[in-house]
Amino acid sequence: MRLDKLLANMGYGSRKEVKQLLKQKAVTVDGVVVKDAAMKVDPNAQHVAIFGERVEYIEYIYLMMNKPPGVISATEDDYDKTVIDLLDPFAQHFKPFPVGRLDKDTEGLLLITNDGQLAHNLLSPKKHVPKTYYAKIDGQVTEEDIKAFAAGVELEDGYVTKPGHLVILKSEASSEIELTIQEGKFHQVKRMFEAVGKKVTYLKRLSMGSLILDKSLALGEYREVTNEELELLIGNK
Ligand code: URA
């Protein structure tokens, strides 16, 4: 890879700004000052440094976000802010995208990455990656609903869902539940409750496969997925 591309990709400025750094003799490759922007380097085998500090080459970025409501799970939108708009310029530089969609009003765990293979594996219906949601429901959720979800419910378009695991946390006129499903149909949780005559009034995703929402993340905050979390997640493939 060209030296200027590597440095620009790693967030050291535009190619033009990187040229200035090279001119200033700020860049070394294996300890030798390099001024040639076009020099070919292997970032994994060679030691590239700026002002003596090693430039670590990263190809993929993996972020866990606590998605806030009012923001779209997409890379671009004509009207609303997207989850990508919430990222800092360094993270945006990697051209990441959200893995799957949460509705505009849904909160909680969203994995954001530029690793297309991992995204594909997590979203593939064949992989049955479980997703757990916490929801507030207008209506009393009952044992009957647990049974109905375990058997699969018929949505308004005739689709019968795969079994879902429903746990009732509070069963009153306004209920609280956790629901684990292994598919990701459009508005699935909301439509499953509609199928049993109830309405989701608040929805938050708690986990996706082995990845669990970090409770210390406030709405709109994100952090890098740790190596441990990533290994487990890749193991989910
Ligand atoms: N199910 C829904 O209804 N909405 C979401 O955002 C996610 C799952």
Side-chain angles (χ1 to χ4, degrees), residues 63-77 79-87 96-113 118-139 141 145-146 148-170 174-215 217-222 233 236:
L63 303 170
M64 169 195 294
M65 178 182 279
N66 184 3
K67 179 194 169 296
V71 172
I72 308 285
S73 303
T75 51
E76 289 178 348
D77 192 85
Y79 303 103
D80 291 297
K81 250 195 182 161
T82 72
V83 289
I84 303 302
D85 293 329
L86 301 181
L87 303 180
F97 52 87
V99 178
R101 280 177 179 250
L102 291 178
D103 297 336
K104 184 174 170 183
D105 60 352
T106 301
E107 300 177 5
L109 177 69
L110 193 62
L111 174 65
I112 298 176
T113 183
L118 177 65
H120 174 79
N121 285 326
L122 289 171
L123 296 175
S124 165
K126 286 186 207 138
K127 307 277 176 173
H128 309 291
V129 174
K131 286 151 286 239
T132 299
Y133 296 86
Y134 164 84
K136 290 186 182 162
I137 310 294
D138 191 7
V141 180
D145 298 326
I146 293 180
F149 282 12
V153 286
E154 185 174 338
L155 304 182
E156 80 296 342
D157 61 0
Y159 177 78
V160 179
T161 65
K162 303 258 176 323
H165 181 65
L166 178 61
V167 176
I168 301 174
L169 304 175
K170 188 176 133 190
S174 166
S175 308
E176 290 176 35
I177 61 94
E178 275 184 20
L179 176 62
T180 303
I181 52 174
Q182 304 197 352
E183 348 169 61
K185 301 275 174 220
F186 186 60
H187 295 329
Q188 181 154 348
V189 176
K190 292 173 185 164
R191 289 162 72 211
M192 284 176 78
F193 277 98
E194 272 165 27
V196 294
K198 277 144 212 171
K199 191 171 163 42
V200 172
T201 56
Y202 171 85
L203 187 59
K204 176 180 188 168
R205 183 156 62 193
L206 303 176
S207 65
M208 183 181 199
S210 58
L211 195 63
I212 298 168
L213 178 66
D214 183 336
K215 287 199 173 71
L217 290 174
L219 286 171
E221 282 186 350
Y222 61 93
L233 202 58
N236 275 333

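Bear in mind that the values here come from a model prediction, so they are computed numbers and not experimental data. Position 1 is the first residue of the sequence; numbering continues from there. Read the numbers this way: they start at 1 and go in the same order the structure lists the ligands and their atoms.
- For the salt bridge (charged side-chain N to carboxylate O under 4.0 Å, His left out) test, residues two or more places apart in sequence or in another chain that qualify with Lys190 are Asp103, Asp105.
- Taking the ring axis of Tyr133 as reference, the NZ or CZ atom of Lys204 does not stay both within 45° of it and closer than 6.0 Å to the ring centre.
- With sequence neighbours excluded, no residue satisfies salt bridge (charged side-chain N to carboxylate O under 4.0 Å, His left out) with Glu76.
- At a 4.0 Å heavy-atom cut-off, the residues surrounding ligand 1 are Leu102, Asp103, Thr106, Tyr133, His187, Gln188, Val189, Lys190, Leu203, listed by chain and number.
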Review point. Going through the distances and angles, do Gln188 and Ile181 end up as a side chain to side chain contact (heavy atoms under 4.5 Å, CB included)?
Key: CA-CA 9 Å; Gln188 181 154 348; Ile181 52 174; 3.8 Å; yes
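- Using a 4.5 Å heavy-atom cutoff, the side chains of Thr113 and Pro96 are not in contact.
- In this structure, the salt bridge (charged side-chain N to carboxylate O under 4.0 Å, His left out) partners of Lys170, at least two apart in sequence or on a different chain, are Glu176.
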